[in-house]
Amino acid sequence: MGEVFTGNFTQQEKLPDAALAAADAVLRHGRLHRYNTVDGEIAETALLEEEFAASTGASYALAVASGGYALGCALRACGVKPGDPVLTNAFTLAPVPGAIAGVGAIPVFVGVTESLVIDMDDLAAKMGQAKILLLSHMRGHICDMDRLMRLCDGAGVTVIEDCAHTMGAAWNGCPTGRWGRMGCFSTQTYKHINSGEGGLLISDDAEAMARAVLLSGSYIMYGSHRAAPPPEAFADLRFEVPNVSGRMDNLRAAILRPQLKALKRQAGRWNDRYAKMTAGLADVPGLTLPVRPPKEQFVASSFQFLLLDWAAVDVAAVVTGCAARGVELKWFGAAEPVGFTSRYDSWRYAPGAVMPGTDRVLAGLLDMRLPLTFSLDDCAMIARIIRDVVHNVRGVT
Ligand SMILES: *Cc1c(COP(=O)(O)O)cnc(C)c1O
């Protein structure tokens, strides 16, 4: 059978010692609520927001309970009302259309290309249908943001970015999350920094951010934030915006701050692993790697490849063959979703017409996690195994 990989695809690195020490300090003093501080103390949550704003260059940042909460909060802060249509990716993770449904709005799905980004032609065709685009940089693939913003600005469509897979990434030098009116990040365990659950929102728009701060459950304590708009921005809003509690606490913020400091270095390590995978699978007949343009400064925490126009039984054979040799692949074309849902036809609460171009891409799309617990040699071995299995399946049909 050849080589077998024995690593664990869901095991992230342990938290750095600085995170453990910071968590210990918070646990010992017990002031976990972000607004519970003693005289002269600055809450860990407020410090995290200040540091995250600085790291992205955004004017404002807000820490919240989850990435999904950040999405819903951004939609509300940008004025989305029940019944409003909201454009979004046909290929993303369930919390994205879920956030739209959560505010009573209606997802309008836009297709995906072979490069795994939003289909700009499909977007242009559907632009007239909504005032908001919730754009997901799914699996870290970033579309041509210059073109997307031209298109949306021209049509008066507000962009909110889902950056759950693009923390630390940029298009053409400008970080993701800074192109749209608001950018939403996740600090859930499988993302780039890990607090179990958690989310971050950034914006340069004072009114939208003041609304988000109030929505998150700031009561009248927003004055203690260090990356929020000035008090004037809240004056007219504070009795008008409902409290939809979803704050982050000081314990999570404390363990995230040291990880944020290390993000750049970690991003380099992720991309080294991605490069190993790409090199190992560069010229396999029948296998396509998504195009990554030079302007896309991605941070890879997962790896995707396409077996375009393969028969379903053959793709299934690749998945089984790889699994037998310890390589866990997700297949987005499987008849039944396994573990999570990522395609438009799994979200039947939303109206949807069949999207043949998108179906074609998803039918051949395979995906795997690339945790930093894998060494470069591990990645080279995984690539050899995939190459071998793809070759064998292709050879026998
Ligand atoms: C993880 C994820 C989110 C947010 O998820 P939470 O688990 O709520 O933090 C949003 N979009 C995508 C694409 C994701 O993978």
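The model shown is predicted, which means the values in this text are computed figures rather than measured ones. Indexing begins at 1, ligand by ligand and atom by atom, following the structure's order.
- For the pair S136 and ligand 1, the shortest N or O to N or O distance does not fall below 3.5 Å.
- Which parts of ligand 1 touch H165 is read off a 4.0 Å heavy-atom cut-off, strictly below it: atoms 13 (C), 14 (C), 15 (O).
- Close approach of ligand 1 to T92 is summarised as follows: ligand atoms under 4.0 Å from at least one heavy atom of the residue are 13 (C).
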* To do: Report the C-alpha distance between E114 and R360 in whole Å, list the side-chain angles of each, state the deciding distance to 0.1 Å, and finish with yes or no for salt bridge (Lys or Arg N to Asp or Glu O under 4.0 Å).
  => CA-CA 9 Å; E114 288 175 31; R360 173 175 172 260; 2.9 Å; yes
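- Salt bridge annotation for E3-R325: absent, with no cationic side-chain nitrogen under 4.0 angstrom from a carboxylate oxygen.
- Of the N and O atoms on the side chains of H137 and E161, at least one donor lies less than 3.5 Å from an acceptor on the other residue.
- Salt bridge absent: R252 and E197 never bring a charged side-chain N and a carboxylate O closer than 4.0 Å.
- Salt bridge absent: R181 and E207 never bring a charged side-chain N and a carboxylate O closer than 4.0 Å.
- Distances from atom 1 (C) of ligand 1 to the heavy atoms of Q188, K191, H137 show the closest one on K191.
- Contacts between V96 and ligand 1 below 4.0 angstrom, taking non-hydrogen atoms only, involve the side chain exclusively.
- Shortest contact from atom 9 (O) of ligand 1 to any protein heavy atom: S186 OG, 2.7 Å.
- By the 4.0 Å N-to-carboxylate-O rule, D146 lies too far from R150 to be salt-bridged with it.
- Protein heavy atom at the shortest distance from atom 11 (N) of ligand 1 is D162 OD2, 2.9 Å.
- Residues E44 and R31 are not paired through a salt bridge, judged by the lack of any N-O separation under 4.0 Å between the basic side chain and the carboxylate.
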* To do: With ring pair (Phe, Tyr, Trp, His ring centres under 6.0 Å) as the test, would you mind laying out the steps for F91 and Y344 before giving the verdict?
  => CA-CA 6 Å; F91 169 56; Y344 69 101; over 10 Å; no
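- Listed by atom number, the atoms of ligand 1 under 4.0 Å from G68 heavy atoms are 4 (C), 5 (O), 6 (P), 8 (O), 9 (O).
- Annotation for ligand 1: atoms under 4.0 Å from non-hydrogen atoms of A164 are 2 (C), 3 (C), 10 (C), 11 (N), 12 (C), 14 (C).
- Geometrically, ligand 1 and R139 share no nitrogen or oxygen pair separated by less than 3.5 Å.
- Between G67 and ligand 1, a contact under 3.5 Å exists for at least one N or O pair.
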